[in-house]
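A short write-up of the structure that comes next.
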Amino acid sequence: MNQSTQSIGAAFPKQRNGSAFLFLRLFWRHTCRKKGYSMFKIIKRLPPAKTLLAVLFLLLQISCSLYLPYLTADILNNCVVVGDTSRIWQKGGFMIAVSAASLVGAALNTLLFSRISYKTGEELREDVYHTALTFSKNEFDKFGVSSLITRTTNDVTQVQNLIEMGLKFLILAPVQLIGGIVMTWLLSPELALIFIGAIPFLAVSYLIISCLANPLYSRMQTLLDQLNLSFKEGLTGVKVIRAFCREDAEFEKYHKINGEYVKVSIAAGGIMSFFFPVISLLLSLSTLLILWAGGAGAENGTLEVGSIIAAISYGAQILTGFAMLTQIILAVPRGQTSAKRIHEVLEMPLSIQDPSGSAPQACGKSLTFENVDFRYFGGEKKTLSGISLTVHGGQTLAVIGSTGDGKSSLVSLIARLYDVEKGQIRLNGADVRELPQKVLHDRVSFVPQASTLFFGTIRSNLLVGRPDATDEEIWAALDMAQASDFIHSLDLGLDSIVEKAGGNFSGGQKQRLCIARALLKEADVYVFDDSFSALDFKTDAAIRSAMRGRVRDAVTVIVAQRVSTVMNADLIAVLDNGMLAGLGTHEELKDGCSVYRQIIESQLYKEVA
């Protein structure tokens, strides 16, 4: 053993740039650099002090584990053989102390690594959600809601697991691997060469298998997005599916995507599973070679029994390091893919940015569209073209047209949910692109086409429009929206539960609650995007009459399909294929605009018109 100890200083440094380090360089290059340093960006989030402390406890665990077989060899060779009982007790007590230190290091590093990984996962989920809240409709259209949900849940979990495993095993496995070889070299350089020779086979096997599996894991995440989308559409559209007897067709669509996901998963898992037989083969061959070489050395007197036993123990540790690397290899492709998908969200350039300067001063209440063109992302044809109009405070602008003529697109530009392609929209004399989004959204109260309610209570939903509103102000808004009667009939009143998406209310009730929420807010512009469609004519007229006092000085924009809803507006914009076909009052348009006249004739008796 002493001869081996003397030879290590000269011989082992030559191996530092050899197979083990070549494997680590290939592993890093293939896993961490290939995906654009996505995981490296996430690693930069880790708390330095806690991470360093966890690594120190991990090194304590590894050092003690590596030293134990060396102590065993020392006891067998220098104590048992000569029958020195006192030294056996002394060395044995020291071994117990080393084992206890290893146990403490293992427990503490596991606890710290778990806390670090789960805290990082929490931060990633919050960052993805916060970033998604800053997206305009353009960014939502690019990703899709189902994909964003998958990235916030499944992808973050994959990265979280990779951090927990990677922080520990990417340090533990190489140190245990190389440390085992070093300690074996101290015992016998000949036996250490057996392990060194096995490393290139492991590196080549990993690179081949990982190159085949990585594209499959990327495909799996894409298919998972499609599965979530199909499942979400099936649940939200279940009434339509049942009404048209499309249950079998929808199930078949889901079954097809699910089947493809299973096939890709099996293929990826099958490819990665080849790595375990490689590990087993290497372990078996290495053990056989150690026994063969050790037996020959013992017979020749060049090796002691204790050294052979320790070498076998180090062989188990070295190949355990291989096994831990296998777990990392299994987790890295999916984790890297997930990290890339998360950073696609976090690094998505926003199409709508706040201006750098201060907000311009408001100059009266008005809304102006000046030669506005607009098209959706990726659209070949313009959705809106050449829209020009002006409406002042205290006036009502009504927008009417056929389905697909761009009515909702037009009012979406007011709150800058999208940016115009050409022209400008001025609110109170200022281009909306020159206003910080918070200032703009404070000045605009918006009722979307789809009635949106959140899980909670009626009070919490209305307070979204104005968080500091009193109960008296809430009831006043409900009175204007003709919603107070049905809320009074509920046992809990304003504290009545609102189920997910307002599922416990009818379409008309949801619309009235959304209208009340918009009227509760004090704004310069009130936008009602087809918000009266689920109401009967009497309730429609009652709401518009009741809210006149609230919107007396503001600009009111109403998108509607019914002529009866818009005929009393100060200005009516008639859209036809995204262009302004007519602009004026009801009396002016019914005689001078053929498109408006066709809408009237399709809805009203001619004597009413």
Side-chain angles (χ1 to χ4, degrees), residues 122 125-137 139-141 143-153 228-229 231-239 345 408 411-412 415-417 437-438 440-442 444-471 473-484 486-523 526-535 543:
E122 176 190 16
R125 276 187 290 269
E126 290 178 352
D127 287 351
V128 171
Y129 181 68
H130 182 267
T131 302
L133 290 179
T134 66
F135 283 171
S136 69
K137 294 279 286 182
E139 283 77 52
F140 278 111
D141 293 343
F143 285 109
V145 174
S146 297
S147 179
L148 286 172
I149 292 173
T150 304
R151 293 167 198 251
T152 310
T153 53
N228 286 337
L229 176 61
F231 191 76
K232 177 174 175 288
E233 287 181 342
L235 291 181
T236 56
V238 64
K239 294 180 180 178
V345 176
S408 294
V411 296
S412 294
R416 209 183 171 199
L417 301 180
Q437 293 181 66
K438 186 180 185 307
L440 175 61
H441 295 157
D442 283 343
V444 178
S445 189
F446 194 88
V447 184
Q449 189 173 19
S451 301
T452 303
L453 295 177
F454 304 97
F455 179 80
T457 64
I458 292 175
R459 177 184 280 105
S460 67
N461 270 271
L462 293 178
L463 290 177
V464 171
R466 185 180 165 193
D468 61 346
T470 64
D471 281 3
E473 291 170 327
I474 292 175
W475 282 113
L478 290 169
D479 286 337
M480 285 186 284
Q482 307 299 303
S484 56
F486 82 83
I487 294 176
H488 276 303
S489 67
L490 301 174
D491 293 337
L492 298 178
L494 293 176
D495 293 317
S496 299
I497 296 297
V498 177
E499 299 292 344
K500 178 185 176 183
N504 55 331
F505 294 106
S506 68
Q509 289 172 333
K510 287 192 288 186
Q511 277 199 341
R512 281 179 281 170
L513 288 173
C514 291
I515 292 170
R517 181 172 61 198
L519 293 174
L520 185 61
K521 177 181 177 181
E522 295 181 359
Y526 291 87
V527 180
F528 301 91
D529 184 6
D530 204 11
S531 306
F532 304 94
S533 59
L535 306 178
I543 292 175

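- The minimum heavy-atom distance between Ala483 and Arg512, with the atom names listed, is CB-CB, 4.0 Å.
- In this structure, CG in Leu453 is found 8.5 Å from CG in Leu462, a value given to the nearest 0.5 Å.
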Show me, pair by pair, the donor-acceptor contacts under 3.5 angstrom made by side chains of residues 513-522, not counting sequence neighbours?
residue	atom	partner	partner atom	Å
Arg517	NH1	Thr452	O	3.1
Arg517	NH2	Thr452	O	2.8
Lys521	NZ	His441	O	2.4
Lys521	NZ	Val444	O	2.8

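- Annotation: side chain of Thr457 is not in contact with side chain of Leu492 (no heavy-atom distance under 4.5 Å).
- A heavy-atom distance below 4.5 Å is not found between the side chains of Arg466 and Ile474.
- Other residues, nucleotides and ligands contribute at most 12 non-hydrogen atoms within 6.0 Å of the CG atom of Asp491.
- Residues Val498 and Phe505 form a side-chain contact, since some pair of their non-hydrogen atoms from C-beta on lies under 4.5 Å apart.
- Using bins of under 30°, 30° to 60° and over 60° for the plane-to-plane angle, the ring pair Phe135/Phe140 lands in the perpendicular bin.
- Taking 4.5 Å as the limit, some side-chain heavy atom of Leu478 sits within range of a side-chain heavy atom of Trp475.
- Scanning all heavy atoms of the two residues, the minimum distance from Gln509 to Ser506 falls at OE1-N, 3.0 Å.
- We find the CG-CG distance between Leu417 and Leu440 to be 9.0 Å, quoted to the nearest 0.5 Å.
- Between Ser533 and Gln511, the closest heavy-atom pair is OG-NE2, 3.1 Å.
- The line from CG of Asn504 to CZ of Phe455 is 9.5 Å long, rounded to the nearest 0.5 Å.
- Across all non-hydrogen atoms, the minimal contact from Glu473 to Ala469 is OE1-CA, 3.3 Å.
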Please list, one pair per line, the donor and acceptor atoms closer than 3.5 Å that link side chains of residues 126-133 to other protein atoms, with sequence neighbours excluded.
residue	atom	partner	partner atom	Å
Asp127	OD2	Arg45	NH1	2.6
Asp127	OD2	Arg45	NH2	3.0
Thr131	OG1	Asp127	O	2.7

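- A distance of 12.0 Å separates CD of Gln437 from CG of Asp442, quoted to the nearest 0.5 Å.
- Residues Phe528 and Ile543 fail the side-chain proximity criterion, which asks for heavy atoms closer than 4.5 Å.
- The minimum heavy-atom distance between Lys510 and Ser451, with the atom names listed, is CB-CB, 3.9 Å.
- A distance of 10.5 Å separates CG of Leu148 from CD of Glu139, quoted to the nearest 0.5 Å.
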